[in-house]
Amino acid sequence: MRIMLPLILLAFAAEVASEVVAADHGSPVVDFDTQVMPILTKAGCNAGACHGAAAGRGGFSLSLYGSRPQRDFEEIKLALEGRRINHRQPVDSLLLMKPTEQVSHEGGTRLDSDGPDFALLTQWIAGGAQRFSGSGRRRLETFLLQPAATQLSVGQVTQLSATATFSDGAEQDVLAWTIFNPDDPSAVEITNAGRLTIHRCGRHVVVARYLNQVVALEFLVPETSVAGRTAAPTVANTNSIDSFIDARLQKLGFVAVSDATTTELTRRLSIDLTGRLPSRDQVEQFRNDASLSESVDRLLQSEAFIDCWTYHLAELFRVADMRNNPAAARAYFSWLRKCVAGDVSFRELAWQLITAEGAVAEYGPASFYAVVSDPRSQAEFFSTALLGVRMQCANCHDHPLDAWTQDDYHGLAAIFARIQRGAVIRSTTSGQVIHPATGAAAVARIPGVDRLLDDAHSRVALADWLTSDQNPYFAKAIVNRIWSRLMGRGLVEPVDDLRTTNPATHPELLNWLAADFVEHGDSIRHTVRRICLSSAYRRSSRAASVNSTADRFYAIATLKPLTPAVFLDAVCDVTDVPSILADSNARAVSLVGLIEKSEALDLLGRCRAVDCSPASSGPDELTVQLHLLNGQLLNARLRDPEGALMRAVAAKKSWPDLVSEFYLRSYSRHPSAAENEFWGRQFSAVTNSAETTAVAEDFLWSLLSSEEFRTNR
Amino acid sequence: MLHNNNIQHATAEVSRRGVLQIGQLAALGIGLSQLPASLGAGSKTAAAKNCILIWLDGGPSHLETFDLKPAAPAEVRGPLDAIQTSVAGVSISECLPSLAQRFNDFAVIRSMTSPLGEHNLGAHYLLTGYRPSPVLQYPSFHTVANQQLSHMPTALPNNIAIPEYRVGGAGFDGTGFLPSRYGAFSVGGDPAAQDYRVRDLIPPDGFTLERIDRRRSFAENLAKLNNTDAVLRPSMANAFEIVTSAEARSAFRLDDESPETRSRYGAKSVGQSCLMARRLVERGVRFVTVNQRGWDTHENLYTRLKEGYTGAKVGVGLIPSLDLAVSALIDDLKRSGLLDETLVVVMGEFGRTPKINQSGGRDHWPRVFSVALAGGGVKGGQVVGASDSVGESPADRPVTPSDLVCTIYTLLGLNPAAEQQTEDGRPVRLSADDASVIRELLS
C-alpha cells in the first residue's frame with residue numbers, strides 16, 4: 001500500500017504536468033496557431049503538392065496553407081494513435097524526424113535540425129503539444145508587409161520587412177515565416193532574408209503569405225531609357241480617369257501618344273457603342289458635331305446602342321445556353337433589352353435576377369436559374385457573373401489565393417439548392433448540397449459573411465448582400481467589364497478573376513469608377529460615357545516606336561479585333577447582303593446571333609463554350625483566312641446581283657466613284673492619293689465588263705480581308 | 001554535372017529527392033545550360049525530324065491503358081484485364097492487343113507526376129513543360145519546335161491539328177508568346193466521315209490561279225499603302241500558298257488511300273486522323289497533333305473505354321480504336337522508313353483516380369499517370385519508372401511534365417536550355433530550368 005501510493009501519485013503528477021501550462025519549465029509556451037502553423041506553411045508541408053493536397057500525402061493530411069488549425073492540430077496530435085508526437089523524447093517525434101529526414105521522407109529535408117524552427121517545434125512538443133481553446137487562443141491581429149521603397153529602378157535592391165501583432169500585445173518580425181511569390185521571378189528576385197532585387201522594368205506584383213493573410217505588393221519600375229526625361233506637363237483634368245492614368249504613365253516613364261484622327265474615332269466609337277460601322281450619314285454628322293460629347297450622346301441615345309449592349313449583357317448572363325428553349329431565350333433577352341433601354345440601375349437588374357421566380361418562357365430573369373442545372377454550377381455562375389470572382393477552387397479546399405473558404409462555396413451552393421428547376425423556377429424547402437469536408441448538408445451561407453441564413457428568405461438575403469453598398473465586388477466587377485469592352489483590356493484581367501492577389505493595374509481608378517457608377521444610379525450608360533470622353537480612350541493606336549507593353553497602361557490605344565458577330569454584320573452592311581440566320585435577315589448582334597445555328601459565326605470563332613470569355617481560343621487564323629479566301633462568307637456577297645457591289649458595277653459606276661463608295665462603307669474614310677492611283681491602274685488595265693467585274697470583286701475582297709477592316713483601331 | 005548522370009542511371013534508387021537535387025544544382029548556380037553540350041544533344045542516333053502527338057483529351061485512365069493493377073482490390077483494379085506484351089514481364093490493357101504485340105517499339109513511362117488536376121492547367125503543363133503563369137502564356141512544344149526548326153519545302157503548314165486543337169478545355173491554343181503563325185492549323189470536321197473534305201481548300205467556281213494571285217497582290221499592296229512596313233499577315237500568305245499548291249491539297253485526300261488501308265486504321269475518327277497524320281508527315285509536315293476526345297470518364301468506364309456502346313460484342317470504345325490507330329501508324333511509318341525520324345507521343349493531361357467512383361468511373365488524378373512514346377530515336381521495349389501497388393503515387397523514378405518536354409526537345413535535336421524572347425524582351429528557356437532529360441529514353 002505504502003509503495004503503491006507514491007507510484008499513483010507519480011503517475012497522477014505526470015498526468016497533471018502535461019496538462020499544466022509549462023511555466024515551470026522555464027521557457028515560454030509555444031502557441032500552436034501563431035507559432036507552429038507558420039512553420040508548417042513556410043516549410044511547405046501544407047502546400048497543394050504535399051500534405052495540403054485534398055487527399056493528403058503519405059497518410060498525413062493538412063489543410064491547404066493552414067486554413068484550418070483545429071483540424072491540423074488533431075491530425076498532428078491525435079491521429080495515427082498519437083504517434084506523430086513523442087512526449088517523452090520530443091526529438092523522436094515523427095513530426096520532427098520526417099522533415100529532417102531522420103526517417104525516409106518523400107518530401108526531402110524541409111527543416112534544419114540546427115535551426116530555430118526545429119527548436120520551436122521541439123519546445124512546443126516538450127511543453128505538451130497544446131492548442132489553447134477559446135479566449136486563451138492567441139490570434140493574429142495585424143500583418144504589415146513593407147518594402148523600404150516601391151519605386152525602384154532596374155538593378156536596385158530593397159529590404160522587405162514583415163511585422164505582425166497579436167492578441168496578447170506582442171509585436172514580432174515574422175519575415176522568416178513569410179512566403180513570397182513574385183508573379184515574374186525573373187523580374188523580381190527575393191531571397192529568404194527578404195532582400196528584393198529588381199531585374200526588369202514594368203509593373204511587377206509580389207504575393208506574400210503569412211498565416212491566413214495573403215497580400216499583394218506592387219512595384220513600378222520605369223523604363224530606363226526615359227530616366228531623367230522631364231515629365232510631360234500635367235494638364236488640369238476634369239475627367240478623373242485621365243488623372244489616374246497619366247499619373248501611372250509618369251511613374252512608369254511612358255509618354256502617351258496623340259489622339260486618333262476624327263475618322264478613326266468615328267469608326268471606333270460606332271463599333272464600341274453600337275457594334276456597327278458608321279453609315280455615311282453618320283460619318284458626316286461626326287464631322288459636323290461641335291464636340292466629341294455631342295457625338296457620344298447621339299450614339300448613346302440610339303437603338304443600336306441598346307442592341308449592342310443588350311448583346312453584351314446577354315453574353316454575360318449566358319442567354320446562348322438557353323438555345324434549346326427559344327421561348328425562354330426570347331423572354332430572357334427581351335427582359336435584358338428593356339433594362340438596357342430604360343437604363344435600369346444595374347443593382348436593380350441583379351436583384352431581380354437573383355430573386356427570380358416564375359415560368360422561364362414568360363418571365364425573363366427566371367432563366368438565370370435555367371442556364372445551369374445544379375447548385376454548384378449556379379454558385380460558380382453567380383460568382384463569376386456578378387462578383388467577378390472565380391470561386392471554383394473553394395470547392396475542394398479553402399481558396400489558396402483569397403479569403404473564400406469551402407464553407408463559403410458550399411454555403412452559397414446550398415442557397416441555390418433550395419430552387420426547383422424546370423419550366424417553372426420556384427423556391428423550395430428541400431434541396432441540399434453535401435459539404436465534402438463534413439459529409440453532411442452544407443449550411444446555407446452568404447460568402448464571407450459569418451452569420452447563417454434563415455432559409456425561407458435566403459435568396460433575398462443574398463440579393464440584398466450583393467447589391468448593398470458594403471459589397472466590395474459588385475460595382476467593381478461590372479465597371480471593370482465595361483472598361484474592358486471599351487479599352488480592350490480590363491483594369492483587372494481576367495475580368496472574372498478579382499482577388500486581392502490579382503491587383504488592378506490602376507487600383508485607385510477602379511475604385512473611383514466603381515464609386516462614380518454607384519453615385520449615378522448604377523447606370524451603365526453613365527460609365528460608358530465617362531470612359532468614352534476620356535483622353536485615354538481617344539488615343540491613337542498607331543505608334544512609331546513604343547514599348548510593346550505600353551498599351552497595358554493606356555499610353556496608346558489597344559487594337560481590338562472585331563468580334564465574330566460584329567464582323568459578320570459589318571460585312572453584311574458593306575455588301576448590302578444580309579446574313580441568313582434563322583431564315584430571317586437578322587443581324588448577328590442580336591438574340592438570333594446568339595442562339596441560332598450559323599456555320600459562318602462558328603467558323604469566325606463564335607464561342608459555344610460554357611464559360612465564354614474573350615480569352616477562349618477560337619479557330620486558328622489560317623482556318624479563318626481560308627474561309628475568307630474560298631468560303632461563301634465574302635465570295636457569295638461580292639457576287640450577289642442584289643448586293644451593293646454588283647449593283648454599282650451594273651450601273652456602270654466610274655472606278656473613282658466605286659472606289660470611293662466602298663472605302664467609305666468599309667473604312668469610313670476616303671482613299672488616299674496613293675491608294676487612288678493604285679486602284680486607278682488596276683481598273684484601267686481591264687477593258688471588257690467581265691474582267692472589270694472580276695477586278696471589282698477582288699478590290700472589295702481585299703478591303704474586307706484587310707487588317708484595317710477587321711480591326712477596331 | 002556528373003551528379004546528374006549518376007542520378008539518371010540509378011533508376012532503382014532515384015526518388016523525389018533525386019528530382020529535388022537537380023533543382024539544388026540550379027540553386028548552386030549550375031544550370032542545365034552549363035552542362036556539357038552532349039547532354040543536350042543527347043543520343044548517338046540522329047535527331048528526330050517529326051513529332052506526332054496523339055492527345056487523349058480528358059485525362060486517360062492509366063489503370064485501364066498502360067498501368068493495369070490486376071492484383072489490387074476490386075474497387076481499384078477496374079473492369080479490364082492485363083495481357084502480356086511482346087516484352088517479357090510487361091503487361092498492358094487487354095484492349096491494346098496490337099500495341100502489346102508491338103511493344104518492342106514503345107517506351108512507357110508509368111511514373112509521370114503533376115500537381116495539376118484541372119483540364120486546362122494539366123494540359124498546359126504537359127504541352128509546354130511549364131505550369132501556367134499569370135505573367136506569361138507559354139507556347140506548346142510543337143509551336144516552339146516549329147519556330148526553331150526549319151520548314152520542309154512544302155506549301156503545307158508545318159504544324160497541323162486533326163481535327164481541332166481544342167485540347168484540355170477551350171482555354172489553350174498553344175501559341176503562347178510566339179507569333180500565332182507557328183500555332184497549329186486545325187483541319188476541322190471528322191476525318192472518319194463520308195466524303196470528308198478539309199474546309200475551304202478549294203477556290204470558288206471559275207477561279208483561276210491568276211485570279212488568286214491577283215487577290216494576293218491586291219492584299220499586299222493595300223497593306224503597304226496603309227503602312228509602308230506592312231506585309232501580309234502570315235496566315236493570309238499561308239492560305240494563298242496552300243490554295244495554289246495542288247500537291248498540298250492532295251495531302252488531305254483520304255480517298256486516295258485504299259479501303260484496306262483505311263480499315264486497318266479503324267473506322268473511328270482517331271484512326272482516320274492517324275492515317276491523315278501519316279500522309280502529312282510523308283509530305284513534309286513536321287508536327288501533327290491528333291486529338292482523340294472523350295477520355296474524361298467520370299462515369300461508365302466499361303462502356304466508354306471498351307465497348308463503345310452498351311452491349312457491343314466487339315469493343316469499339318476509346319481504347320480499342322486507339323489500339324488500331326496507333327498500331328497501323330507505327331507499322332506504316334516503319335514500312336516507309338520514317339519511324340526512326342518520327343517521334344510518336346501518346347498522352348493526356350493526367351491520369352484517373354485509383355478508386356472507382358459511384359458512377360462506375362474515375363475522376364481526375366494527376367499524382368501518377370502514364371505516357372507512351374515510340375520512334376524518333378526512343379529506345380523501345382521498356383517501362384520507365386513505376387507507380388505503387390494501387391496506381392496512386394510514383395513508387396520509383398518520378399517524372400514531371402517538364403522532364404518529358406525537355407526530353408522531347410532533346411530528341412528533336414533542340415537544346416532545352418536555349419532561350420527565346422517574348423515581345424517585351426523577356427528571355428524564356430525552352431525548358432524549365434529544373435527539368436532534366438529522361439536518359440532511359442535515349443538510345
Side-chain angles (χ1 to χ4, degrees), chain A residues 47-49 53-55 57-58 101 104-109 183-184 186-187 200 202 205 502 542 547-549 603 607 609 611-613 615-632 635-636 639 672 674-675 678 682 694-695 698-699 701-703 705-708, chain B residues 15-17 20-21 115 117 133-136 157 161 164-166 169-175 180-181 183-188 198-204 207 211-212 214-215 218-219 221-223 225-227 230 233-236 238-240 242-243 367 392-393 423-428:
Chain A
R57 194 101 189 210
E101 287 199 280
S104 89
H105 183 225
E106 252 186 64
T109 306
D183 256 7
D184 188 348
S186 73
R200 206 177 316 123
V205 173
N502 184 19
R542 292 176 191 272
N547 181 302
S548 59
T549 59
L603 262 165
C607 187
D611 54 348
C612 190
S613 73
S616 304
S617 61
D620 56 275
E621 253 305 297
L622 181 55
T623 301
V624 174
Q625 289 295 339
L626 283 170
H627 190 57
L628 294 179
L629 180 59
N630 292 332
Q632 290 305 296
N635 289 313
R639 296 173 149 184
S672 66
E675 283 169 329
F678 174 77
Q682 309 312 314
V695 170
D698 294 344
F699 151 73
W701 180 86
S702 66
L703 293 193
S705 58
S706 67
E707 296 299 307
E708 188 173 345
Chain B
S15 61
R16 187 181 167 80
R17 189 186 329 172
L20 285 174
Q21 274 181 350
S133 153
V135 182
L136 197 57
E164 310 274 354
Y165 195 75
R166 304 203 124 217
F172 181 65
D173 74 353
T175 57
S180 59
R181 67 177 179 275
F185 164 59
S186 294
V187 298
V198 173
R199 51 198 176 203
D200 298 326
L201 280 187
I202 302 183
F207 263 60
R211 187 103 190 242
I212 308 250
R214 180 165 69 198
R215 281 193 171 183
F218 280 10
N221 280 286
L222 193 59
L225 286 165
N226 226 298
N227 175 350
R233 194 191 277 223
S235 51
M236 193 191 269
N238 288 348
F240 281 116
I242 300 182
V243 165
R367 195 187 291 173
E392 197 178 272
S393 296
E423 231 181 22
D424 52 343
R426 187 183 198 283
V428 180

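First the proteins, then the strands, lettered A, B, ... as listed; each starts at 1. Values below: every heavy atom of this structure, side chains too, minus hydrogens, waters and symmetry copies. As the structure is a computational prediction, the values presented were derived from the model and not from experiment.
Atom CZ of F185(B) sits about 12.0 Å away from atom CD of E621(A), to the nearest 0.5 Å. Between atom CZ of residue F207(B) and atom CG of residue N630(A) there is a gap of 8.0 Å, rounded to the nearest 0.5 Å. Separating the CG atom in L225(B) from the OG atom in S706(A) is a distance of 11.5 Å, to the nearest 0.5 Å. Rounding to the nearest 0.5 angstrom, the gap separating the CD1 atom in I202(B) from the CG atom in L629(A) is 12.5 Å. From N221(B), atom CG reaches atom CD of Q682(A) across 7.0 Å, with rounding to the nearest 0.5 Å. Here the CG atom belonging to D200(B) is positioned 9.0 Å from the CG atom belonging to L628(A), to the nearest 0.5 angstrom.
For A694(A) against R211(B), the heavy-atom pair with the smallest separation is O-NH2, 3.4 Å.
By number of non-hydrogen pairs under 4.5 angstrom with chain B, the leading residue of T623(A), V624(A), L703(A) is T623(A). The candidate with the highest count of non-hydrogen atom pairs below 4.5 Å against chain A, out of P115(B), S180(B), G174(B), A184(B), is A184(B). Comparing S186(B), P157(B), A219(B) by how many heavy-atom pairs each has under 4.5 Å with chain A, the most go to S186(B).
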R181(B) and L622(A): CA distance, side-chain angles, deciding distance, side-chain contact (heavy atoms from CB on, under 4.5 Å) verdict: CA-CA 8 Å; R181(B) 67 177 179 275; L622(A) 181 55; over 6 Å; no
Test side-chain contact (heavy atoms from CB on, under 4.5 Å) applied to E708(A) and N226(B), step by step: CA-CA 9 Å; E708(A) 188 173 345; N226(B) 226 298; 2.6 Å; yes
Residue pair M236(B), S705(A): steps toward the side-chain contact (heavy atoms from CB on, under 4.5 Å) verdict: CA-CA 9 Å; M236(B) 193 191 269; S705(A) 58; 3.7 Å; yes
Working for side-chain contact (heavy atoms from CB on, under 4.5 Å), residues V695(A) and R214(B): CA-CA 9 Å; V695(A) 170; R214(B) 180 165 69 198; 3.5 Å; yes
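Between E707(A) and R233(B) a salt bridge is recorded (basic side-chain N to carboxylate O distance below 4.0 Å).
Within the 4.5 angstrom heavy-atom criterion, only side-chain atoms of N635(A), from C-beta onward, approach chain B.
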